[in-house]
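Below you'll find the structure, written out as structure tokens, and then a few comments.
Here is the naming used below: chain letters follow the sequence lines, and residue numbers restart at 1 for every chain.
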There are 2 protein chains.
Amino acid sequence: MTQSPSPFQTPQQRSHARAAKRDAVLRAAVQMFNERGFHQTSLDDVAARLGVSKPTIYHYLGNKDQVLFECVTIGLSQLLEAAQASREAQGSGADRLTAFLLRYAEINMDDFGRCVIRTSDEALGAESRAQFHALKRKIDTAMRQLIEEGMEDGSIAPGNAKMLAFTLAGALNWPARWHDPAGDETPAQIARHLVQHLAHGFLPR
Amino acid sequence: MTQSPSPFQTPQQRSHARAAKRDAVLRAAVQMFNERGFHQTSLDDVAARLGVSKPTIYHYLGNKDQVLFECVTIGLSQLLEAAQASREAQGSGADRLTAFLLRYAEINMDDFGRCVIRTSDEALGAESRAQFHALKRKIDTAMRQLIEEGMEDGSIAPGNAKMLAFTLAGALNWPARWHDPAGDETPAQIARHLVQHLAHGFLPR
DNA sequence: TATATTTTCTACTCATTAGTAGATTGTCTT
DNA sequence: AAGACAATCTACTAATGAGTAGAAAATATA
């Protein structure tokens, strides 16, 4: 697989290495934000974890706001991708919604997804916040469309799609706050439980 | 009702006035924390909104951590009271759980309840955080007990009480993030919608 | 080989804000 | 009336942490 290990890099290798370093910064940052909170994490802290100095971070990213914004954007892209996939999938509305919800819940227990949920708008600067909102709205819209399609084909109980979307999103966002990645339940198991309860309700059938 | 309007206050009146001022500080603080976020709100800001200076706040409360801690404690007490009331109420487990959930959701759309949800542990100092956790655990325990009682009397579908509690709490906490007090839907209406969906699930019956 | 570019560092600046010192004024208590 | 106490102010201190200037080393290009 590996070529002759020349110390001289091709332009592709160099730009790849650069991207990898940028990613490493974001990965380290998002983990620390999730652990200790955005405001409790200085860029000096992040740099220290990577064994570099703060200006190195500024070499790859413009400022702290941008670091956070990139992190949430990665998380939101994952969610959007999942929404897209479910919109295009086969099956009844309920089936497609369920598949989406499972994936949605799992992403919210992952590094970048957790950051999306734990980040409140006020932490971001004005422009970042606007884009953050726009992306979140897209995901909400996609979820509502899945719900409405399910209501139309009769696989989802008729009702208020907007309120149902908030109910589902809230329940599936919450693990970002309480789930311990080191715990014994896997994200997939938790996701199944939550979706199960949301699908069937707590009243006996 | 009002006595002769003497400018001289009784000791009761004085300590009452003091408590009222302390409450006013907390009320102003919690609203600003909810609007702009804890870290984006300085005690100078809070003082300015009240038309006083920062040392006045320190005259009533020890430090910023304590201000936040008092705010979340008020919210958590309201939740705890609601839990207590439902534990002692009449009716099936499902009825009592439903009543609790409605109240729980409404509190989370109120000033202090919103603050409870929006406050992440990392914002609090070590001791405050421990007490914060302890109180939240109490509420979680109460919710699980209601669920288990309902499962025992058959009014709630059998299943994993812990996961159900997380599902319910998540869905009902979330409005603290999106609900606009100036919007047209009242908290009571929203609460009813959410609980409706949680009780029945999204699959048709 | 000379020059430009990239990566990284050390050592700053500067703004914000939590928290305090100490004075001031008014109000009780004795 | 004298001394204590409460409430509030102005004017500080001190720490934190975002962001930058400018040098140094390595690497690439001409």
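At least one side-chain nitrogen or oxygen of A/Lys21 sits closer than 4.0 Å to the OP1 or OP2 atom of C/dT8. Distances shown here put a side-chain N or O of A/Ser53 below 4.0 Å from the OP1 or OP2 atom of C/dC9.
With the nearest nucleotide of DNA chain C identified for both A/Pro55 and A/His59, A/His59 has the one nearer the 5' end.
Atom-to-atom, CZ of B/Arg18 to P of C/dC28 comes out at 15 Å; the value is rounded to the nearest Å. Atoms OH (B/Tyr60) and P (C/dG19) sit 19 Å apart, rounded to a whole Å. With rounding to whole Å, A/Arg22 atom CZ is found 18 Å from C/dT8 atom C1'. With rounding to whole Å, A/Leu61 atom CG is found 13 Å from C/dT7 atom P.
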Would you tabulate the nitrogen or oxygen pairs shorter than 3.5 Å linking the protein to nucleotides 16-19 of chain D?
unit_1, atom_1, unit_2, atom_2, d
D/dA18, OP1, A/Lys64, NZ, 3.0
D/dA18, OP2, A/Leu43, N, 3.1
D/dA18, N7, A/Lys54, NZ, 3.0
D/dG19, OP2, A/Tyr58, OH, 3.1
D/dG19, OP2, A/Lys64, N, 3.0
D/dG19, N7, A/Lys54, NZ, 2.7
D/dG19, O6, A/Lys54, NZ, 2.9

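Contact record, A/Phe112 with A/Leu26: CE2-O, 4.1 Å, taken as the closest heavy-atom pair. The shortest heavy-atom contact between A/Leu203 and B/Ser155 is CD2-O, 3.9 Å. Heavy atoms only, all atoms of each residue included: A/Ala165 and A/Met143 are closest at O-SD, 3.8 Å.
Within 6.0 Å of CD on B/Glu35 lie more than 12 heavy atoms contributed by other residues, nucleotides or ligands.
Between A/Arg36 and A/Asp45 there is a salt bridge, since at least one side-chain N of the basic residue sits less than 4.0 Å from a carboxylate O of the acidic one.
Residues B/Asp95 and B/Thr98 bring no donor and acceptor atom of their side chains to less than 3.5 Å of each other.
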